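The structure appears below as structure tokens.
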Amino acid sequence: CWLLPQLHISTHRRITNLDRKKMISLFSHYPIPSSSSTSLSSLRTLKHLSFLTKPRTAVYLKRPFTVNSLLSPEPDPLPPSVQTFWQWVCDENIVSPKSPVKPGVVPEGLGLVAQRYIAKNEVVLEIPKRFWINPDTVLSSEIGNVCSGLKPWVSVALFLIREKLRDDSPWRRYIDVLPEYTNSTIYWSEEELSEIQGTQLFSTTLGVKEYVQSEFLKVEEEILLPNQQLFPSSITLDDFLWAFGILRSRAFSRLRGQNLVLIPLADLINHSPSITTEDYAYEIKGAGLFSRDLLFSLRSPVYVKAGEQALIQYDLNKSNAELALDYGFIEPRADRNAYTLTLEISESDPYFGDKLDIAESNGLGETAYFEIILGCPLPPAMLPYLRLVALGGTDAFLLESIFRNSIWGHVELPVSRANEELICHVIRNACKTALSGYHTTIEEDEKLKEGGNLDPRLEIAVGIRAGEKKVLQQIDGIFKERELELDELEYYQERRLKDLGLVGEQGEIIFWEPK
């Protein structure tokens, strides 16, 4: 009998270091504290926000985007604030009144509507740098001196809030067309959030809101109260959360020299799930051969007829949970559903140091995050890492230094029946625990979706929880099938005997008789 190594899994979503990179890449990689999670004595599960550095683009959504909402049959008249905004950008020579696109009322709220036929990859807008809002804009403003040491997103958030509260703001026409909220989960009520209780998106949303609150309290103490002459109007946590949501949903990133920038007018561009390329959507380029000015250039990745919306793909790699958190919509595509399994080498593991060294030598660490996507195979490094974490007992000899250069190759294949059985048992238990945390079944969720006429936020909630459960069932099914194959798998000892020529083609042991 040998002691099973400790494996850790949690079935609650928390903000992780990976999330910090993925989720807030547009805010220059600032940290987010972890929200609480329940630890079990075996492996740790997690989901959603699978966030590697990805662009944050613009959206003006008041209800979730659907494929059927690409066009408005008859253009609705523009609200006065939008008419004033359009007149302003034309008067300021930001764009020409004959620009290929102009603001329009669309099913999502506001969007960019083609004034004529637009060819594939045609430039539809070019916005000069003087019309951008970024950390440089803040530094050159009245609050620049007090904001110079802040995180970039915090300084831009304060700038937006201050301009919103100023009647004489030079940005008033732009501020007036910004939404008061989107359907992002950060704006949901407690009752609405209860519909995603048990999901990883739920705990991630709470973690994000806790982070925004902590940043607000810090900036209130260090900036707002000591500089009331610069901030005459009271700024609240709700104001700060509004600005945070505006930046998450509308700011462009992954641009040359610009990690966080709002581009008025261009940020009305909406998302289309039918566009499957991110190429040629937007870039920063020089204004001309003899000019040092910069332009934000927005292209249409597809042809657009006059009167239709110009649309782009926000990010092909985002999960539905990321889309819901960032923009307030989800897609029906199966591969938008994902669940993040988080594995950890326990510090109490007697072989902690050796396992950590091996993990780091292979591009992993004490904690590793594996995003499982519905309908896709497990990430390649997941099983090797699981086997490494579970190594113990009679298999622990593989951790000796003599195997250091070859051990990863060994754990890429089954090590022993006990090791393989352990990881199957732990993963399946974690999946069952996670599934028990939802207050509905997949069948109940599907019935709700089939009924239609759901409130936009309820539609998001049903889609998120159904998607997560399907991925959990898929993970459980993979390891259930593996359990059934345990007696048929070839383990390290059998492979070693074959390498030494001590096992025949039929698996029989070969005994060498002395001559």
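Since this is a predicted model, take the numbers as computed values, not measurements.
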More than 12 foreign heavy atoms under 6.0 Å from [atom1] of [X]: is that the case here?
{"X": "Tyr303", "atom1": "OH", "answer": "no"}
{"X": "Asn145", "atom1": "CG", "answer": "no"}
{"X": "Asp168", "atom1": "CG", "answer": "yes"}
{"X": "Gln229", "atom1": "CD", "answer": "yes"}

Okay, side chain of [X], backbone of [Y]: is any donor-acceptor separation there less than 3.5 Å?
{"X": "Asn320", "Y": "Glu331", "value": "yes"}
{"X": "Thr204", "Y": "Leu201", "value": "no"}
{"X": "Asp167", "Y": "Arg172", "value": "no"}

Would you mind reporting whether [Y] and [X] have side-chain heavy atoms less than 4.5 Å apart?
{"X": "Thr182", "Y": "Tyr327", "result": "no"}
{"X": "Arg130", "Y": "Ile94", "result": "yes"}
{"X": "Leu125", "Y": "Leu112", "result": "yes"}
{"X": "Val89", "Y": "Phe131", "result": "yes"}
{"X": "Leu78", "Y": "Phe85", "result": "no"}
{"X": "Lys98", "Y": "Arg116", "result": "no"}
{"X": "Val123", "Y": "Leu298", "result": "no"}
{"X": "Thr84", "Y": "Trp88", "result": "no"}

Only counting residues at least two apart or in another chain, list the ones meeting side chain to side chain donor-acceptor pair (under 3.5 Å) with [X].
{"X": "Ser233", "answer": "none"}
{"X": "Asn93", "answer": "none"}
{"X": "Gln474", "answer": "none"}

With [X] via side chain to side chain contact (heavy atoms under 4.5 Å, CB included) - residues at least two apart:
{"X": "Asp476", "value": "Arg428, Cys431, Lys432"}
{"X": "Cys90", "value": "Trp86, Val95, Pro97"}
{"X": "Pro170", "value": "Glu163, Arg166"}
{"X": "Thr137", "value": "Asn134, Phe159, Trp171"}

Working to the nearest 0.5 Å, report the span between [atom1] of [X] and [atom2] of [Y].
{"X": "Ile118", "Y": "Glu308", "atom1": "CD1", "atom2": "CD", "answer": "9.5 Å"}
{"X": "Thr236", "Y": "Ile161", "atom1": "OG1", "atom2": "CD1", "answer": "7.5 Å"}
{"X": "Ile263", "Y": "Ser297", "atom1": "CD1", "atom2": "OG", "answer": "11.0 Å"}
{"X": "Asp238", "Y": "Phe216", "atom1": "CG", "atom2": "CZ", "answer": "9.0 Å"}
{"X": "Leu230", "Y": "Ile223", "atom1": "CG", "atom2": "CD1", "answer": "9.5 Å"}
{"X": "Glu142", "Y": "Asn227", "atom1": "CD", "atom2": "CG", "answer": "12.5 Å"}

Taking all non-hydrogen atoms of both residues, which atom of [X] and which atom of [Y] are closest, and how far apart?
{"X": "Asp445", "Y": "Val462", "answer": "O-CG1, 3.4 Å"}
{"X": "Leu311", "Y": "Pro301", "answer": "O-CD, 3.4 Å"}
{"X": "Gly245", "Y": "Tyr187", "answer": "CA-OH, 3.1 Å"}
{"X": "Pro179", "Y": "Trp242", "answer": "O-NE1, 2.8 Å"}
{"X": "Leu247", "Y": "Ala157", "answer": "CD1-N, 4.1 Å"}
{"X": "Tyr385", "Y": "Glu366", "answer": "OH-O, 3.0 Å"}

Which residues satisfy the salt bridge (charged side-chain N to carboxylate O under 4.0 Å, His left out) test with [X], sequence neighbours excluded?
{"X": "Lys218", "answer": "Glu215"}
{"X": "Lys209", "answer": "none"}
{"X": "Glu192", "answer": "Arg457"}
{"X": "Glu446", "answer": "Lys449, Lys470"}

Item to check | Arg248 and Ser184 side chains, donor-acceptor separation under 3.5 Å | outcome: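 Their side chains do not contain a donor-acceptor pair, so the 3.5 Å distance test is not met.
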
Next on the checklist: Evaluate His271 against Gln313 for side chain to side chain contact (heavy atoms under 4.5 Å, CB included), listing each step before the verdict.
Outcome noted: CA-CA 5 Å; His271 166 85; Gln313 167 63 236; 3.2 Å; yes

Item to check | Test log, rule side chain to side chain contact (heavy atoms under 4.5 Å, CB included), inputs Gln213 and Leu237 | outcome: CA-CA 7 Å; Gln213 182 177 17; Leu237 175 59; 4.0 Å; yes

Checklist entry - Hey, would you say the Trp153 and Phe240 ring centroids sit under 6.0 Å apart? => result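 Yes, close enough.
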
Checklist entry - Phe202 and Trp188: aromatic ring centres closer than 6.0 Å? => result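 Centroid separation for Phe202 and Trp188: 6.0 Å or greater.
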
Item to check | Pairs flagged by ring pair (Phe, Tyr, Trp, His ring centres under 6.0 Å) wherever residues 438-476 is involved - sequence neighbours left out | outcome: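 Applying ring pair (Phe, Tyr, Trp, His ring centres under 6.0 Å) to every pair that reaches into residues 438-476, excluding sequence neighbours, yields nothing.
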
Checklist entry - Would Lys469 and Glu444 pass as an ion pair if we require N to O under 4.0 Å? => result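 Not counted as a salt bridge, because no side-chain N and carboxylate O are separated by less than 4.0 Å.
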
Next on the checklist: Do the side chains of Glu195 and Arg465 get close enough for a salt bridge, i.e. N-O under 4.0 angstrom?
Outcome noted: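 Salt bridge: yes.
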
Item to check | Verdict with supporting geometry, Leu165 and Phe231, side chain to side chain contact (heavy atoms under 4.5 Å, CB included) | outcome: CA-CA 9 Å; Leu165 297 174; Phe231 302 94; over 6 Å; no

Item to check | Qualifying residue, where the test is side-chain contact (heavy atoms from CB on, under 4.5 Å) with Asn337 and the options are Ile330, Ile372, Ile464, Leu374 | outcome: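 Among Ile330, Ile372, Ile464, Leu374, the one that satisfies the side-chain contact (heavy atoms from CB on, under 4.5 Å) with Asn337 is Leu374.
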
Checklist entry - Among Val82, Leu265, Asp267, which residue meets the side-chain contact (heavy atoms from CB on, under 4.5 Å) test with Val177? => result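 Going through the options one by one, the only one that passes is Val82.
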
Checklist entry - Should Leu341 and Ile475 be marked as a side chain to side chain contact (heavy atoms under 4.5 Å, CB included) after you check the CA-CA gap, both sets of side-chain angles, and the distance that decides it? => result CA-CA 10 Å; Leu341 187 67; Ile475 299 169; 5.5 Å; no

